[in-house]
Amino acid sequence: MCPENSGCGEHPSVASALMATHTDMAERFAALHHGQTPLLMPNPWDAGSAKMFVALGFDALATTSSGFAATLGRLDGTTTRDEALAHAAAIVAATDVPVSADLENGFADDPRAVAETITLARATGLAGASVEDSAGREPEDVYDLALAAERVAAAAEAAHGDGARFVLTARSENFIRGRPDIADTITRLQAYQAAGADVVYAPGVTTPADIRAIVESVDVPVNVLALPGVPSVAELGALGVARVSIGGAFSWVALGAAADAARELREQGTYGYFSAAGEGGKIARQAFTA
């Protein structure tokens, strides 16, 4: 497989130049995790939203599996590896900032297949990617710790084995899989750090005490998912959080706004939504002509 815009089918000299560019972007992404304030990383769902977020001043982006699936009229967890990688390549091609991909569980249970996913992801020009410790087939479906750590180790070898600085994020899904066990979550994140993860992430953790406990338990940057009840960005920075992402939230905001506009037109026959449309058109003209 050769994802669109990956450069893997180019002449060797062109491919070498692309690889150097990819490496520079990955190093830039890694450095962004060590700023004085948390790296704010919105999650675009298409090339247009990616361009918009960059125009608004964000320094890095991450794809969203749920937001991307929604563009296809599907729910999260229903896209294929090929689809996700082609989508990631499109986001990379649309912007000049580092992009990390939400690769769900690596689209495989087997560690070797997860490693293959990371190898393919690197070829798209991504600066990083995340791998989850749940297959998502059942509500509380989380891999046994030994297998989960082996999967991260395989992904890390594919990410770093040749000396590359591809940023691998390892996720513990406990809190969003009905297993709100902070002790087990910390044990998992420590194992993933030991297995070679560059960043660790436990979506669904919201309290300052739990967030601080995670930060203090590991020596790599910690990502927090912005959710209702999560401390402000400034407070997260004070807790030692290195990165904040928003998952599919902005894509749902966009769909919600479109639904409100459609209901107004259908049910009231009025056009008040044009005030919001005007602002959207303004930022689109700025973002798409930059």
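Note that this is a predicted model, so its numbers are computed, not measured. In what follows, residues are counted from 1 in the order of the sequence shown. Just so it is clear, the values below take in all heavy atoms, side chains as well, and ignore hydrogens, waters and symmetry mates.
- Checking side-chain atoms of Gln193 against main-chain N and O of Asp219 turns up a donor-acceptor pair under 3.5 Å.
- In this structure, Arg243 and Pro38 have side chains that are not in contact, with every pair of non-hydrogen atoms separated by 4.5 Å or more.
- With rounding to the nearest 0.5 Å, the separation of CE in Met52 from CG in Asp46 is 8.5 Å.
- A side-chain donor-acceptor contact under 3.5 Å links Asp76 and Ser65.
- Considering every non-hydrogen atom in both Ile214 and Leu189, the closest pair reads CG2-CD1, 3.7 Å.
- Across all non-hydrogen atoms, the minimal contact from Gly204 to Leu225 is N-CD2, 4.4 Å.
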### Phe175 and Ile182: CA distance, side-chain angles, deciding distance, side chain to side chain contact (heavy atoms under 4.5 Å, CB included) verdict
CA-CA 8 Å; Phe175 273 71; Ile182 189 63; 4.2 Å; yes

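- Transitive grouping of hydrophobic side chains (ILVMFWY, heavy atoms separated by less than 4.5 Å) brings Ile283 and Val54 into a common cluster.
- The 12-atom threshold is not exceeded at CZ of Arg112, counting heavy atoms of other residues, nucleotides or ligands nearer than 6.0 Å.
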### Message
Run Met41 and Phe58 through side chain to side chain contact (heavy atoms under 4.5 Å, CB included) and show every step you take.
### Response
CA-CA 7 Å; Met41 201 162 65; Phe58 290 96; over 6 Å; no

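- Residues Ile118 and Leu168 meet the side-chain proximity criterion, which asks for heavy atoms closer than 4.5 Å.
- Counting only residues at least two apart or on different chains, the side chain to side chain donor-acceptor pair (under 3.5 Å) pairs with a member in residues 251-264 are Asp260-Arg263, Glu264-Thr270.
- Cluster membership for Val200 and Ile246, using ILVMFWY side-chain heavy atoms within less than 4.5 angstrom, is shared.
- Using a distance-only test at 3.5 Å, with no hydrogens or angles considered, no donor-acceptor pair links the side chain of Lys51 to the main chain of Thr95.
- Rounding to the nearest 0.5 Å places CG of Asp110 at 9.0 Å from CZ of Arg151.
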Report all side-chain donor-acceptor pairs from residues 206-213 shorter than 3.5 Å, counting only partners two or more places apart or in another chain.
residue	atom	partner	partner atom	Å
Thr207	OG1	Asp210	N	3.1
Thr207	OG1	Asp210	OD2	3.4

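- A donor-acceptor pair under 3.5 Å is absent between the side-chain atoms of Thr78 and the main chain of Arg74, judged by distance alone.
- Contact check for Val233 versus Thr37: no side-chain heavy atoms found under the 4.5 Å cut-off.
- Listed here is the closest heavy atom pair of Phe107 and Thr79: CE2-O, 3.5 Å.
- A chain of hydrophobic side-chain contacts below 4.5 Å, direct or via other Ile, Leu, Val, Met, Phe, Trp or Tyr residues, connects Val220 to Val131.
- Nearest heavy-atom pair across Ala108 and Val114 is O-CG2, 3.7 Å.
- Val92 and Gly125 make their closest contact through CG1-O, 3.9 Å (heavy atoms, listed as atom of the first residue, atom of the second, distance).
- Note that CG of Asp198 is 10.0 Å distant from OG of Ser100, once rounded to the nearest 0.5 Å.
- Arg137 and Asp109 are joined by a salt bridge, as a carboxylate oxygen and a charged side-chain nitrogen come within less than 4.0 angstrom of each other.
- When all heavy atoms of Met25 and Asp96 are compared, the pair lying nearest together is CE-O, 3.8 Å.
- No side-chain donor from either of Asp184 and Thr187 sits under 3.5 Å from a side-chain acceptor of the other.
- Taken to the nearest 0.5 Å, the CD atom of Glu216 stands 9.0 Å off from the CG atom of Leu239.
- To the nearest 0.5 angstrom, Leu72 atom CG is 8.5 Å from His87 atom NE2.
- A heavy-atom distance below 4.5 Å is found between the side chains of Leu236 and Val244.
- In terms of modelled atom types and a separation under 3.5 Å, the side chain of Thr119 and the main chain of Ala158 share no donor-acceptor contact.
- There is a path of hydrophobic side-chain contacts, each under 4.5 Å, that joins Val218 to Val215.
- Partners of Phe29 according to the ring-ring contact (aromatic ring centres under 6.0 Å, His included) rule, which considers only residues two or more places apart in sequence or in another chain, are His33.
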### Query
Could you walk me through whether Arg122 and Asp162 pass the salt bridge (Lys or Arg N to Asp or Glu O under 4.0 Å) check?
CA-CA 12 Å; Arg122 286 181 54 187; Asp162 59 358; 3.0 Å; yes

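- Side chains of Glu235 and Ser232: a donor-acceptor N/O pair is present below 3.5 angstrom, by distance only.
- With sequence neighbours excluded, the residues forming a side-chain contact (heavy atoms from CB on, under 4.5 Å) with Thr71 are Trp45, Phe68, listed by chain and number.
- Checking Arg177, Arg188, Arg179 one by one against Asp133, the salt bridge (Lys or Arg N to Asp or Glu O under 4.0 Å) holds for a single residue, Arg188.
- Phe250 has its side chain out of reach of Asn43: every pair of non-hydrogen atoms, C-beta onward, lies at least 4.5 Å apart.
- A donor-acceptor contact shorter than 3.5 Å is absent between the side chain of Asn174 and the backbone of Pro180.
- With Tyr201 as the partner, the side chain to side chain contact (heavy atoms under 4.5 Å, CB included) test is satisfied by one option alone out of Ser245, Ser172, Pro221: Ser245.
- Remark: side-chain polar atoms of Arg171 are not paired, donor with acceptor, to backbone N or O of Asn105 under 3.5 angstrom.
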### Message
Run the side chain to side chain contact (heavy atoms under 4.5 Å, CB included) test on Val199 and Val167 for me, step by step, so that the C-alpha distance in whole Å, both residues' side-chain angles and the decisive distance to 0.1 Å come before the verdict.
### Response
CA-CA 7 Å; Val199 178; Val167 178; 3.8 Å; yes

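- Between Val241 and Pro231 the shortest side-chain heavy-atom distance does not fall below 4.5 Å.
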### Task
Take Val97 and Leu61, measure what side chain to side chain contact (heavy atoms under 4.5 Å, CB included) needs, and give me the verdict at the end.
CA-CA 7 Å; Val97 302; Leu61 305 173; 3.9 Å; yes

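- Under the 3.5 Å distance criterion, the side-chain polar atoms of Thr117 are matched with a main-chain donor or acceptor of Gly106.
- Screening residues 53-64 for side chain to side chain donor-acceptor pair (under 3.5 Å) gives Thr64-Ser66 as the qualifying pairs, with residues at least two apart or on separate chains.
- Separation of atoms CG (Leu40) and CG (Leu56) is listed at 12.5 Å; rounding is to 0.5 Å.
- Inter-residue side-chain proximity for Ser217 and Gln190 is flagged as met; some heavy-atom pair is nearer than 4.5 Å.
- Under the rule for a side-chain contact (heavy atoms from CB on, under 4.5 Å), the partners of Ala121 that lie at least two apart in sequence or sit in another chain are Leu85, Leu103, Leu126, Phe166.
- The number of heavy-atom neighbours closer than 6.0 Å to CG of Asp144, taken from other residues, nucleotides and ligands shown, is 12 or below.
- At most 12 non-hydrogen atoms from other residues, nucleotides or ligands lie less than 6.0 angstrom from CD of Glu138.
- Comment: Arg81 engages Glu116 in a salt bridge, judged by a side-chain N to carboxylate O separation of less than 4.0 angstrom.
- No side-chain heavy atom of Val230 sits less than 4.5 Å from a side-chain heavy atom of Val205.
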